[in-house]
Amino acid sequence: MRVAVIGTGYVGLVTGVVLAELGNDVICVDNDPRKIEMLKKGIPPIYEPGIEEMLKRTLEDGYFHVSDNIGDAVEKSEVVFIAVGTPPGPDGTPDLSAVRAVAKEIGKALRKYTVIVNKSTVPVGSGDVVENILKEQGAPEELFDVVSNPEFLREGSAIYDTLNPDRIVIGAKRREAAVKLVELYAPLEKPMILTDLNSAELIKYASNAFLASKISFINAMSRVCEACGANVADVAKGMGMDKRIGDQFLQSGLGWGGSCFPKDVQGLIKSSEGLGYDFQMLKAVEEINETQTTHFVDRIEKRIGGLKGKLVGMLGLAFKPNTDDIRDAKSLVIIEEVLKRGASVQAYDPVAADNVKKVFPDITYCDGPYEVADRADVLILVTEWNEFKNMDLERMACSMNEKILFDGRRLYGKAKAEKAGFEYHTIGS
Ligand code: UGA
């Protein structure tokens, strides 16, 4: 199938490359000349395991093309994906200006029947917004259908998730348009849900908000566990074995970050507000997430008798492992808090340090994990990178001023850390 994907961020680029890998003729479009140049050379502008190899292969085999011209890509395609960013505006409402701008360009270029697919995460009702823009641009109704096909990939495992989705959601007004996407995704042999536009748009928000709620629930339980000496990991395990609950996204830690959960929880609160419903439960979910990190810093401060003049070592900066993304990363909150309370910071992350440098240019960035421990008064594990799992903890403890470890992701366990000489603190036990 001839496919255009507008926007080469995480969602757009991964979708484009995977569809090309499946043998479709794909044109990825972006308005950033730097990204276009990189993609033409087979260099992905995002960090994502596995994407470079797939990009190079599909480029060489002639399935993947790059362009800066939306009109040209639309003319050559049967299906056009809109996969541009919808960042939160000042009040948390998703900013649809990029979606609107792209829809305008598509509307101008439509000459033959084309299925326009919204893959960006958009508030309910956005399918109609796109449809109206296309009409305003003079595109006759019979020349297009607007379809919602939300994306559920995770950063860090984006290629795998796109090739192995739990479900594919297709929302459309007309069955014929949905069938076009059914054909496109048929090679994946995964369950597909065909529904209306509004329901498809809401499935995306509801899924992310529900997953964030699950994490906030277990993080709230971690506070109860800390107060009574129970162990949150055992509580989660016991809950998760009930098939109705499930064991995923019950890992207690510093809370959820990244480019999606914070934005989408906010987005759903705002959309609901606009529709006359006050989604109080999600407001509590957000609040638990915010206090989870500050509570952790409070515990550190209390244990080491104030942070003033202390040296804090931080392992991990990315919002989660296998990504260089630091959007809403808990590391940023922790750095800000400990600096505010008078400490200095030395930190290491395998790939995200350069991004954090732009926000905090004055902290010390180390070349490896062992340097982080050197002379530190406390060591904090923030991101559970694989590289941190089998470190020589004894070597780390020996180089520290005070052998205190605060494990924000429950990575090490008390027995292992204490054996290495650490005084061990974690979340929820
Ligand atoms: C999330 C969803 O999982 C994807 O399905 C969705 O497509 C994506 O948002 C999106 O809307 O684009 P992502 O933000 O890449 O994916 O990362 P997750 O792996 O879901 O992690 C989100 C946050 O939750 C991270 O900060 C992670 O550390 C935290 N988390 C996750 C926990 O604290 N505990 C858990 O048990 C799981």
Ion pair present between [X] and [Y], side-chain N to carboxylate O less than 4.0 angstrom?
{"X": "Glu75", "Y": "Arg111", "result": "no"}
{"X": "Asp72", "Y": "Lys76", "result": "yes"}
{"X": "Arg223", "Y": "Glu226", "result": "no"}
{"X": "Arg57", "Y": "Glu60", "result": "no"}

In terms of side-chain heavy atoms, does [X] have a donor or acceptor partner in [Y] at a distance below 3.5 Å?
{"X": "Ser259", "Y": "Glu155", "result": "yes"}
{"X": "Ser67", "Y": "Asn69", "result": "no"}
{"X": "Tyr113", "Y": "Asp145", "result": "yes"}
{"X": "Trp385", "Y": "Asp349", "result": "yes"}

In the structure I gave you, are the side-chain heavy atoms of [X] and [Y] within less than 4.5 Å of one another anywhere?
{"X": "Glu286", "Y": "Ile269", "value": "yes"}
{"X": "Lys204", "Y": "Val169", "value": "no"}
{"X": "Arg167", "Y": "Ser207", "value": "yes"}
{"X": "Tyr365", "Y": "Val356", "value": "yes"}
{"X": "Pro150", "Y": "Tyr205", "value": "no"}
{"X": "Lys263", "Y": "Gln266", "value": "no"}
{"X": "Tyr348", "Y": "Glu387", "value": "yes"}
{"X": "Lys214", "Y": "Met239", "value": "no"}

Verdict with supporting geometry, Glu336 and Val359, side chain to side chain contact (heavy atoms under 4.5 Å, CB included) | CA-CA 10 Å; Glu336 196 178 334; Val359 190; over 6 Å; no
Phe296: what forms a ring-ring contact (aromatic ring centres under 6.0 Å, His included) with it, not counting sequence neighbours?
-> Phe406
Taking only residues two or more places apart in sequence, or in another chain, which ones meet Phe152 in a ring-ring contact (aromatic ring centres under 6.0 Å, His included)?
-> none
Contacts under 3.5 angstrom, residues 272-279 side chains, donor-acceptor by atom type, not counting sequence neighbours:
from, atom 1, to, atom 2, distance (Å)
Ser272, OG, Leu268, O, 2.6
Asp278, OD1, Lys283, NZ, 2.6

Crowding at [atom1], [X] (>12 non-hydrogen neighbours, <6.0 Å):
{"X": "Gln280", "atom1": "CD", "result": "no"}
{"X": "Asp242", "atom1": "CG", "result": "yes"}
{"X": "Phe388", "atom1": "CZ", "result": "yes"}
{"X": "Lys112", "atom1": "NZ", "result": "yes"}
{"X": "Lys104", "atom1": "NZ", "result": "no"}
{"X": "Phe217", "atom1": "CZ", "result": "no"}

Where is the tightest heavy-atom contact between [X] and [Y], given as atom of each residue plus distance?
{"X": "Ala139", "Y": "Gly107", "result": "CB-O, 4.1 Å"}
{"X": "Leu110", "Y": "Thr114", "result": "CD2-OG1, 3.4 Å"}
{"X": "Ala417", "Y": "Leu405", "result": "CB-CD2, 4.1 Å"}
{"X": "Thr426", "Y": "Asp407", "result": "OG1-O, 2.7 Å"}
{"X": "Pro262", "Y": "Asp328", "result": "CB-OD2, 3.6 Å"}
{"X": "Ala353", "Y": "Leu317", "result": "CA-CD1, 4.0 Å"}

Answer yes or no: is there a donor N or O on one side and an acceptor on the other, between the side chain of [X] and the main chain of [Y], under 3.5 Å?
{"X": "Gln346", "Y": "Gly313", "value": "no"}
{"X": "Asn355", "Y": "Asp324", "value": "yes"}
{"X": "Ser77", "Y": "Val74", "value": "no"}
{"X": "Asp95", "Y": "Ser97", "value": "yes"}
{"X": "Asn198", "Y": "Val124", "value": "no"}
{"X": "Thr86", "Y": "Thr121", "value": "yes"}
{"X": "Ser216", "Y": "Ser213", "value": "no"}
{"X": "Thr93", "Y": "Gly89", "value": "no"}
{"X": "Arg409", "Y": "Val382", "value": "yes"}
{"X": "Asp30", "Y": "Thr8", "value": "yes"}

After noting the C-alpha distance and the side-chain angles of Glu337 and Thr293, does the key distance pass the side-chain hydrogen bond (donor to acceptor under 3.5 Å, both in side chains) rule?
-> CA-CA 10 Å; Glu337 280 294 322; Thr293 326; over 6 Å; no
Using residues 230-238 as the side-chain source, report each donor-acceptor pair under 3.5 Å to any protein atom, sequence neighbours left out, with the distance given to one decimal.
from, atom 1, to, atom 2, distance (Å)
Asn231, OD1, Ala233, N, 2.9
Asn231, OD1, Arg410, NH2, 3.0

For the [atom1] atom of [X] and the [atom2] atom of [Y], what is their distance to the nearest 0.5 Å?
{"X": "Lys270", "Y": "Leu282", "atom1": "NZ", "atom2": "CG", "answer": "12.5 Å"}
{"X": "Ile215", "Y": "Gln251", "atom1": "CD1", "atom2": "CD", "answer": "9.5 Å"}
{"X": "Ile288", "Y": "Trp256", "atom1": "CD1", "atom2": "CH2", "answer": "9.5 Å"}
{"X": "Ile427", "Y": "Ile218", "atom1": "CD1", "atom2": "CD1", "answer": "12.0 Å"}
{"X": "Met38", "Y": "Leu55", "atom1": "CE", "atom2": "CG", "answer": "10.0 Å"}
{"X": "Lys416", "Y": "Tyr424", "atom1": "NZ", "atom2": "OH", "answer": "9.5 Å"}

Checking side-chain contact (heavy atoms from CB on, under 4.5 Å) against Ile116, which of Val147, Val80, Ile6 comes through?
-> Val80
For Ile380, the option from Val312, Leu254, Leu315 that meets side-chain contact (heavy atoms from CB on, under 4.5 Å) |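 Passing option: Val312.
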Tabulate below the donor-acceptor pairs under 3.5 Å that side-chain atoms of residues 176-189 make, not counting sequence neighbours, or state none.
from, atom 1, to, atom 2, distance (Å)
Lys180, NZ, Glu78, OE1, 3.0
Tyr185, OH, Lys119, NZ, 3.4
Tyr185, OH, Asn149, OD1, 2.6

Pairs meeting criterion side-chain hydrogen bond (donor to acceptor under 3.5 Å, both in side chains) with involvement of residues 36-52, two or more places apart |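 As it turns out, the side-chain hydrogen bond (donor to acceptor under 3.5 Å, both in side chains) pairs with a partner in residues 36-52, which skip direct neighbours, are Glu52-Lys56.
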